[in-house]
Number of protein chains: 2
Amino acid sequence: MSYQIELRHFSYFLAVAEELHYRKAAEKLFISQPGLSTQIKQMEEILSVKLFERDKKKVSLTAAGTFLKGEVEFIMNHLSQIKRHLKLIDEGHLGEIRIGFLGSAMQKVIPNLLLNLKHKSPEVHTSLEELSNHAQINALQKDKLDIGFVRLARVPNGLQIKPVFEDTFSLVVPIDFHIDQSNFKGIHQMAEEDFILFSQDYSSLYYDTVMGICEDAGFTPKVSHKSVHALTIFKLVENRLGISIVPTALQYGFKMNVKFIELKKIKQKAILSVAWKADNRNPVLRQCLNLLLN
Amino acid sequence: MSYQIELRHFSYFLAVAEELHYRKAAEKLFISQPGLSTQIKQMEEILSVKLFERDKKKVSLTAAGTFLKGEVEFIMNHLSQIKRHLKLIDEGHLGEIRIGFLGSAMQKVIPNLLLNLKHKSPEVHTSLEELSNHAQINALQKDKLDIGFVRLARVPNGLQIKPVFEDTFSLVVPIDFHIDQSNFKGIHQMAEEDFILFSQDYSSLYYDTVMGICEDAGFTPKVSHKSVHALTIFKLVENRLGISIVPTALQYGFKMNVKFIELKKIKQKAILSVAWKADNRNPVLRQCLNLLLN
DNA sequence: CTATTTAATAAGTATGAGCTATCAAATTGA
DNA sequence: TCAATTTGATAGCTCATACTTATTAAATAG
């Protein structure tokens with residue numbers, strides 16, 4: 001004799017409670033009638049409660065049985081809901097992801113990801129935080145972020161990184177600057193200008209790459225200001241305090257009196273990458289990497 | 001290989017989820033560790049979801065496992081409630097209700113409810129448990145309580161809440177304190193006193209409201225002690241370690257050398273509310289809500 | 001009174017939960 | 001650095017029991 005109710009008992013009980021007929025219930029369950037009889041009897045023994053009245057050829061529920069039927073229906077429904085829920089969590093459609101990003105990722109990559117995610121997994125919550133490369137790497141390692149959008153060539157051990165967006169660089173100059181896309185010959189024309197760049201701390205890869213671009217053109221730029229916000233840089237350019245070189249994607253989204261000259265022939269590209277902790281098991285992270293890398 | 005989850009799996013899963021250690025969990029369940037391992041593995045196969053991460057000697061819950069733990073706790077509690085309920089029905093008692101409450105509800109609201117209930121439904125069994133706001137909300141969600149008496153402004157999704165008793169606040173001061181109801185001018189007179197309050201953990205709404213009362217009077221109280229029991233607070237006041245502000249209802253039922261000065265003109269009130277799970281189908285709960293809200 | 005249908009009982013079978021023994025891998029300790 | 005210990009997983013076996021078929025007793029119908 002068993003000492004513990006099992007879900008099997010509940011299925012059997014429900015079938016009998018619905019059919020009020022052992023043979024028919026047994027058929028529905030694909031088991032034999034005697035088997036069903038013994039299991040229901042056992043159930044009544046375990047609970048020490050009579051669930052069915054079997055008088056005079058008729059099967060009917062007792063008061064306790066009627067109560068139990070409602071409860072078991074609830075539990076069975078709840079259970080199948082849980083199973084669906086589990087599947088969603090496992091597939092990364094339900095849950096939360098914490099995203100860090102550089103400002104320049106907000107122009108295209110992040111909105112794209114959020115739209116895809118909303119479409120495929122509407123139940124996923126996202127939290128967004130604009131952070132420097134360095135702060136993102138730190139947060140990833142300390143499990144304060146699930147995913148970061150950075151401009152870096154390498155990441156520390158334990159983290160992984162993959163490029164997701166390659167962009168050209170563009171010169172940013174005041175709106176009435178004497179050179180524009182049509183009469184632009186090459187970066188060497190800018191050798192005498194003051195440069196306003198993103199600070200090295202904010203993204204050293206960016207900084208080194210911009211330096212590389214100028215060196216290839218045969219000069220070392222005079223860097224007069226460094227900032228961590230595109231808005232600040234554009235403001236300074238607008239006020240003729242210098243010119244800048246930034247990822248082309250930044251030309252959308254700001255309303256400024258500056259113009260962009262895209263450096264199409266330059267071999268250096270602005271590469272935006274995703275970074276994450278290799279052993280992060282958040283299923284939503286996996287889902288995001290799928291969306292980003294396929 | 002079995003194709004259906006059983007309650008046995010749930011017990012085993014809970015043990016491992018609590019211990020995060022297979023051998024210890026197996027001991028607690030009085031079965032062998034290999035048996036437990038295979039059952040958990042089977043469970044993961046049936047649900048097609050990984051529930052535990054067993055990396056590098058450490059067992060931990062996955063996102064799906066964490067979710068399932070909460071759900072299984074709920075189901076197990078609900079199940080044991082069903083069993084008790086079945087027994088009561090079978091024995092001719094009509095039902096049972098499990099009540100949680102803050103100490104201050106015992107002065108008036110709870111005795112009233114119990115008398116009404118006894119009169120209208122003599123067959124109902126009640127179980128009473130004094131708990132903090134937070135513990136009550138938890139217990140309601142996990143189906144360990146049917147109804148709670150709390151001081152909260154909001155409750156989580158899935159729960160419902162309704163005010164049942166509005167009380168004034170009263171100052172509690174030593175019996176021979178130089179101010180009493182007749183020569184009391186206003187709270188500002190207490191600006192220099194030490195305050196002994198219910199701890200913020202016990203009821204943050206109470207704490208914030210009391211702070212609000214003092215701020216409205218133009219000072220920030222010096223809080224020297226925090227407690228979770230009215231008795232303790234009154235003892236401290238009696239021994240001149242400070243004064244307190246509490247719901248006026250608490251003045252009945254304690255025999256202490258303290259006196260109450262009711263703050264009749266203060267706009268803040270001490271509001272006691274009932275909380276319950278919206279989908280709780282215990283008929284006795286409905287009966288109690290009727291008695292309380294009509 | 002026979003034929004049919006009901007659920008319960010009896011006896012046998014085979015499935016699988018849980019056992020012991022063991023392994024591989026990681027951790028600890030000298 | 002290597003033996004000792006501890007972890008969870010695997011393999012093979014055993015026995016409890018869920019479920020089977022065969023049968024019975026009781027009720028209903030024709």
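By convention in this document, chain letters (A, B, ...) are assigned in the order of the sequence lines, proteins followed by strands, and residues within each chain are numbered from 1. Not measured: the values here are computed from a predicted model.
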Phe30(A) CZ to dT20(D) P, in whole Å, measures 12 Å
Whole-Å distance, Phe52(A) CZ to dT6(C) P, equals 16 Å
message = Is the phosphate of dG18(C) approached by Tyr12(B) (side-chain N or O, under 4.0 Å from OP1 or OP2)?
response = yes
For this session: Could you tell me whether a side-chain N or O of Glu53(A) sits under 3.5 Å from a main-chain N or O of Ser60(A), the two making a donor and an acceptor?
Result: no
note: Arg23(A), atom CZ; dT23(D), atom P; distance rounded to Å ~ 20 Å
* **Any Tyr22(A) side-chain nitrogen or oxygen under 4.0 Å from OP1 or OP2 of dT9(C)** => no
Leu36(A) CG to dA8(C) P, in whole Å, measures 9 Å
To the nearest angstrom, the CD-P distance between Gln4(A) and dA17(C) comes to 14 Å
Whole-Å distance, Gln33(B) CD to dA11(D) P, equals 14 Å
Rounded to whole Å, the CD-C1' distance (Glu53(B) to dT7(D)) equals 16 Å
The residue, Lys41(B) or Gln39(A), whose nearest nucleotide of DNA chain D is more 5′ is Lys41(B)
Run the numbers on Glu71(B) and His78(A) for side-chain hydrogen bond (donor to acceptor under 3.5 Å, both in side chains), then give the verdict.
CA-CA 9 Å; Glu71(B) 294 299 320; His78(A) 193 60; 2.9 Å; yes
Checking dA9(D), dA7(C), dA17(C) against the side chain of Arg54(B) (C-beta onward), the nearest is dA9(D)
Margin query: Quick check on the 6.0 Å ring-centre criterion: do Phe52(B) and Phe13(B) meet it?
Written below: yes
